[in-house]
Amino acid sequence: MTAKIAYDEVEVGTELPAQTFPVTRATLVRYAGASGDFNPIHWNEKFAVGVGLPDVIAHGMFTMAEAIRVVTDWAGDPAAVVEYGVRFTKPVVVPDDGTGALIEVSAKVAAKLDDQQVRVDLTAMCAGQKVLGMSRAVVRLA
């Protein structure tokens, strides 16, 4: 597969379709099983609160993975992402209320680079707070 978006058709400032990703306690348990990260701050409310957190929090790598989906869905090929990095700024708090949390992700092309590549800057928010900082991906387009 290759990216379905053509480099020549993209301009700096191009906005990618925003997406919202729901996160529940069940989501976190499934992610823990898949990743092997069974840290109790991600599933045990009593433990999480006991170490000073407001409640159970989502895995940072889970949050990072959900955010990049905006880019991979836009590009049409996950392998088009050649570089991706973030800073974790705030945790995604996931209450046990039947609804959980929502991670809202938007992104835009911030720069056109050499070799058919663009830099995409992402914004990931949860409950009105930015949960990822310096979230950037380099994507090789068609």
Side-chain angles (χ1 to χ4, degrees), residues 1-45 47-49 51-142:
M1 282 180 77
T2 59
K4 294 181 175 157
I5 303 294
Y7 179 83
D8 293 334
E9 296 174 6
V10 174
E11 299 297 329
V12 171
T14 298
E15 293 186 15
L16 284 60
Q19 293 188 51
T20 300
F21 304 100
V23 186
T24 64
R25 295 282 178 93
T27 307
L28 299 181
V29 170
R30 286 192 301 274
Y31 181 81
S35 68
D37 181 351
F38 293 101
N39 187 324
I41 65 172
H42 302 304
W43 57 270
N44 184 315
E45 185 174 336
F47 185 88
V49 171
V51 297
L53 294 168
D55 206 330
V56 164
I57 63 171
H59 304 72
M61 296 304 285
F62 171 82
T63 304
M64 188 177 176
E66 290 290 78
I68 197 65
R69 288 175 57 191
V70 168
V71 177
T72 59
D73 288 354
W74 171 73
D77 179 9
V81 176
V82 297
E83 185 178 314
Y84 178 44
V86 305
R87 289 192 180 160
F88 301 108
T89 56
K90 298 278 183 188
V92 172
V93 178
V94 183
D96 190 17
D97 61 2
T99 302
L102 293 174
I103 302 170
E104 300 168 285
V105 183
S106 59
K108 68 179 177 177
V109 175
K112 290 186 85 169
L113 310 171
D114 295 332
D115 196 24
Q116 302 292 102
Q117 296 181 92
V118 295
R119 189 187 88 216
V120 176
D121 291 353
L122 297 92
T123 301
M125 306 284 292
C126 183
Q129 294 189 321
K130 197 175 202 180
V131 295
L132 298 176
M134 299 293 292
S135 184
R136 296 179 174 167
V138 175
V139 184
R140 180 168 289 114
L141 301 178

* Measure across E45 and D96 and return the closest heavy-atom pair with its distance rounded to 0.1 Å. => OE1-CB, 4.3 Å
* Structure fact -> Between A101 and V92, the two heavy atoms sitting closest are CB-CG1, 4.0 Å
* Asked: Does D97 use its side chain to pair, donor to acceptor, with the backbone of G100 at less than 3.5 Å?
  -> yes
* Asked: Can any side-chain N or O of Q116 pair as donor or acceptor with the backbone N or O of A142 at less than 3.5 Å?
  -> yes
* **Exercise: identify the closest heavy-atom pair between T89 and G133** => CG2-N, 3.5 Å
* Over 12 foreign heavy atoms within 6.0 Å of NZ, K112 -> yes
* Could you check if a side-chain atom of M61 sits within less than 4.5 angstrom of a side-chain atom of F88, using non-hydrogen atoms only? => yes
* Could you name each residue pair satisfying salt bridge (charged side-chain N to carboxylate O under 4.0 Å, His left out) that touches residues 4-13, not counting sequence neighbours? => none
* Given side chains that start at C-beta, do those of L141 and W74 come closer than 4.5 Å, heavy atoms only? -> yes
* **Donor-acceptor under 3.5 Å (Y84 side chain, M64 main chain)** => yes
* Structure fact -> Scanning both residues in full, the closest heavy-atom pair of V70 with A107 reads CG1-CB, 4.0 Å
* Asked: Under the side-chain hydrogen bond (donor to acceptor under 3.5 Å, both in side chains) test, which residues partner E66, sequence neighbours left out?
  -> R69
* Asked: When you look at F21 and L102, which way does the side chain to side chain contact (heavy atoms under 4.5 Å, CB included) test go after all the steps?
  -> CA-CA 6 Å; F21 304 100; L102 293 174; over 6 Å; no
* To do: Measure the SG-NZ distance between C126 and K90 for me, rounded to the nearest 0.5 Å.
  => 12.0 Å
* Any side-chain heavy atom of H42 sitting closer than 4.5 Å to one from I57? -> yes
* Just by modelled atom types, is the F38 backbone N or O under 3.5 Å from a matching donor or acceptor in the W43 side chain? -> yes
* **Test item: H59 side-chain N/O and Y31 main-chain N/O as donor-acceptor pair under 3.5 Å** => no
* Structure fact -> Closest heavy-atom pair, A58 versus V94, reported as atoms and distance to 0.1 Å, is N-CG2, 4.1 Å
* Enter the distance from L28:CG to I41:CD1 here, rounded to the nearest 0.5 Å. => 10.5 Å
* Asked: Got a second to check how far R25's CZ is from R30's CZ, nearest 0.5 Å?
  -> 14.0 Å
* **Contact check, side chains of F62 and V23, non-hydrogen atoms, under 4.5 Å** => yes
* **Donor-acceptor pair, side chain of T72 and main chain of D77, under 3.5 angstrom** => no
* When you measure from the side chain of D115 to the backbone N and O of Q117, does any donor-acceptor pair fall under 3.5 Å? -> no
* Structure fact -> In this structure, CG of D73 is separated from CG of L16 (nearest 0.5 Å) by 9.5 Å
* Asked: Where is the tightest heavy-atom contact between V49 and P54, given as atom of each residue plus distance?
  -> CG2-O, 4.0 Å
* Asked: Looking at side-chain heavy atoms only, is the closest gap between L122 and L132 below 4.5 Å?
  -> no
